[in-house]
Amino acid sequence: MIEVYNTLTRQKEKLEPGQPGRVSMYVCGPTTYNYIHLGNARPLVVFDTVRRYLLYKGYKVTYIQNFTDVDDKIIKRAGEEGEEPLDLAQRYINEYFTDADALHVMRADKHPKVSEHITEIIELIQKLIADGYAYNVDGDVFFEVRKFPGYGKLSGRSLDEMQAGARVEVNEIKRDPMDFALWKKAKPGEPSWPSPWGDGRPGWHIECSAMALKYLGSGFDIHGGGYDLIFPHHENEIAQSEAAAKKPFARYWMHNGFITVNKEKMSKSLGNFFLVREILDKFPGEVVRFYLLSTHYRSPLDFDDEKLAASQRGLERLKNSYARLSEALAGTGADDGAAGEEERQFALKLDQLKESFEAAMDDDFNTALAIAVWFDLAKEINVYLNKFSPGGPGASPELLKQAEKLFAVFNRVLGVFKEDPSTGRVVLNENEDSGNNDLVDKLIELIVDIRQQARKKKDWDTADAIRDGLKELGITLQDTPQGVKWKK
RNA sequence: GGCGACGUAGCCAAGUGGCUAAGGCGGAGGACUGCAAAUCCUUUAUUCCCCGGUUCGAAUCCGGGCGUCGCCUCCA
């Protein structure tokens, strides 16, 4: 049984999809006026992981993530760069996929764009006007919040409370300061579309309502996004959608916590943001993803290079264990396969670990705990493998395969390492450049050979000098029982 | 001002009424090695911000205090 923390009810609830065996999800995607930053990346990775776990549990998942390609910030940026707003938005949509791919975020079933859903948006607004929830003031259309009784139910505040704060800009043409724009009258030089109220473009909130209703219908299962979207964005989505459809919009609202820098929210206005691709210059995507999942999704996550580096070292541990496993598996030829006490223990552990992993994920997608279970798996693999010395009796290939499979399952759910689609096996080093630089490789091997000759003669001074010298060039040598391993 | 979240080891981070307070990084010790490196193993919080209270029993519940952060305006 999966439990989900629902922002709407402020508690964990049993996940019961509207249609048995199917889960529909809508996640608010980025406004594409720049490369995405780490704060944008968190919901992508978090909800991608939710999706992956639901798939693992056998649900058919319909996953929609929009792009906001019509927006004030896009228009502003386009003006600065002398580019058409829609072209600029499309450019960053393409760039988005580069980053998302690096983080192993699966493609949504549909990535709808605002600019391609103007018709649906207009129809929705028309309905809201017809039903008395919205009004047109000379080409600007607003949603009248006082007409929607449930306004404030998601963010947990009342209209009166919000106005007590009274930091809302005064806008004479609105009936209530909290009313928000559904349709904005066109200004010269801005992208606009014809509508019954004159040329203009959609307000921010209406797009998500229109697209979610179109692709998932009202009463779909999970709506996700960042914590800061609760108000006003999601509050307004609920108001519009439920006013129009006369029934609940989304059943479970999930919100991820912020990425912080020195404990302060990472945001564009504070200027303390880090672009995903800047980070990817220093760390592989799998490390970034692993780091993003190392904390529960609702908690804040503080970012700095040190923490990523710590994650990277932790990930090495997982990789090593899997590499050892693969090596052992390749080496186990003729084995008695006798199921001794060691084997029974190990088999039992594997079962327990699988259960623990699922229990962690069932509990509101507790990836931090799930990762701990993953480390436990690595340890159990190591402990089991340590019982066998090279040349002696081998480990059980059956169990090793089972362990490998479990590792791959954990990996598939968390999406950390790439997977070989044909074998289902984990790919540990997707970014390693293979094959090129033949000459350099050959030179290194020549040097290594010479060093080996020195070592044979116990000429340690020469051997160490070569090792130190190569190290300074960024090449590390390891003398192992299987021979010398080197790494650039 | 209104509303909300959080405070667990040197650092990160699970756990929210009861077995020995997960896991990772770092540290320490050991195995391996010519020495290293890498790896593996072991170890690392008598205690969960502080003070009261409830309870047979609290990191976990309640009250108060201190501190940090967030939302209320575009933001993932």
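Remember, it's a predicted structure, so these values are computed and weren't measured experimentally.
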Trainee: May I ask you to verify if any side-chain N or O of Arg324(A) is less than 4.0 angstrom from the OP1 or OP2 atom of U39(B)?
Mentor: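 It does not, given that no N or O in the side chain of Arg324(A) lies less than 4.0 Å from OP1 or OP2 of U39(B).
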Trainee: Applying a 4.0 Å non-hydrogen cut-off, can you work out what Asp376(A) is touching in the nucleic acid: base, sugar-phosphate, or nothing?
Mentor: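 Contact class for Asp376(A): sugar-phosphate only.
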Trainee: For the residue pair Trp253(A) and Phe249(A), categorise the inter-ring angle as parallel (less than 30°), tilted (30 to 60°) or perpendicular (more than 60°).
Mentor: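 Aromatic pair Trp253(A)/Phe249(A) classed tilted.
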Trainee: Within the 4.5 Å heavy-atom criterion, are Tyr322(A) and Glu404(A) side-chain neighbours or not?
Mentor: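 Heavy-atom side-chain distance check passes, below 4.5 Å.
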Trainee: Taking only side-chain nitrogens and oxygens of Arg317(A), does any of them come within less than 4.0 Å of OP1 or OP2 of G24(B)?
Mentor: yes
Trainee: Please check the phosphate of G70(B) (OP1 and OP2 only) for any side-chain N or O of Lys263(A) closer than 4.0 Å.
Mentor: no
Trainee: Check the phosphate of A76(B) against Lys265(A), side-chain N and O only, distance under 4.0 Å to OP1 or OP2. Yes or no?
Mentor: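 No, outside the criterion.
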Trainee: For Thr476(A), report the nucleic acid contact type (base, sugar-phosphate, nothing); a contact means any heavy atom under 4.0 Å.
Mentor: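 Contact class for Thr476(A): none.
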Trainee: Please work out if Asn366(A) contacts a base, only the sugar-phosphate, or nothing of the nucleic acid, heavy-atom cut-off 4.0 Å.
Mentor: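 Counting heavy atoms under 4.0 Å across all strands, the contact made by Asn366(A) is with sugar-phosphate only.
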Trainee: Which part of the nucleic acid, if any, lies within reach of His37(A) when heavy atoms closer than 4.0 Å are counted: base, sugar-phosphate only, or nothing?
Mentor: base
Trainee: Between the base of C41(B) and the side chain of Asn382(A), is there a donor-acceptor distance below 3.5 Å?
Mentor: no
Trainee: With a 4.0 Å cut-off on heavy atoms, is Asn320(A) in touch with a base, just the backbone sugar-phosphate, or nothing at all?
Mentor: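 Asn320(A): backbone/sugar contact only, no base atoms under 4.0 Å.
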Trainee: Check every strand shown and say whether Gly225(A) touches a base, only sugar-phosphate, or nothing at a heavy-atom separation below 4.0 Å.
Mentor: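 Touches sugar-phosphate only.
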Trainee: Donor-acceptor pair under 3.5 Å: do we get one between Arg455(A)'s side chain and the base of G34(B)?
Mentor: yes
Trainee: Hey, is the side chain of Ser299(A) poking within less than 4.0 Å of OP1 or OP2 on A14(B), counting only N and O atoms?
Mentor: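 Answer is yes, contact under 4.0 Å.
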Trainee: Answer yes or no on whether Arg412(A) is positioned over the face of Tyr56(A), meaning its NZ or CZ is under 6.0 Å from the six-membered ring centre and within 45° of the axis.
Mentor: no
Trainee: Does U42(B) have OP1 or OP2 under 4.0 Å away from a side-chain N or O of Lys379(A)?
Mentor: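 So the side chain of Lys379(A) is within the cut-off, an N or O lying under 4.0 Å from OP1 or OP2 of U42(B).
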Trainee: Give Arg467(A) one of three labels, base, sugar-phosphate or nothing, depending on what nucleic acid heavy atoms sit under 4.0 Å from its own.
Mentor: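 Since a base atom lies under 4.0 Å of Arg467(A), the category is base.
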Trainee: Can you label the angle between the Trp374(A) ring and the Phe417(A) ring as parallel, tilted or perpendicular, going by 30° and 60°?
Mentor: perpendicular
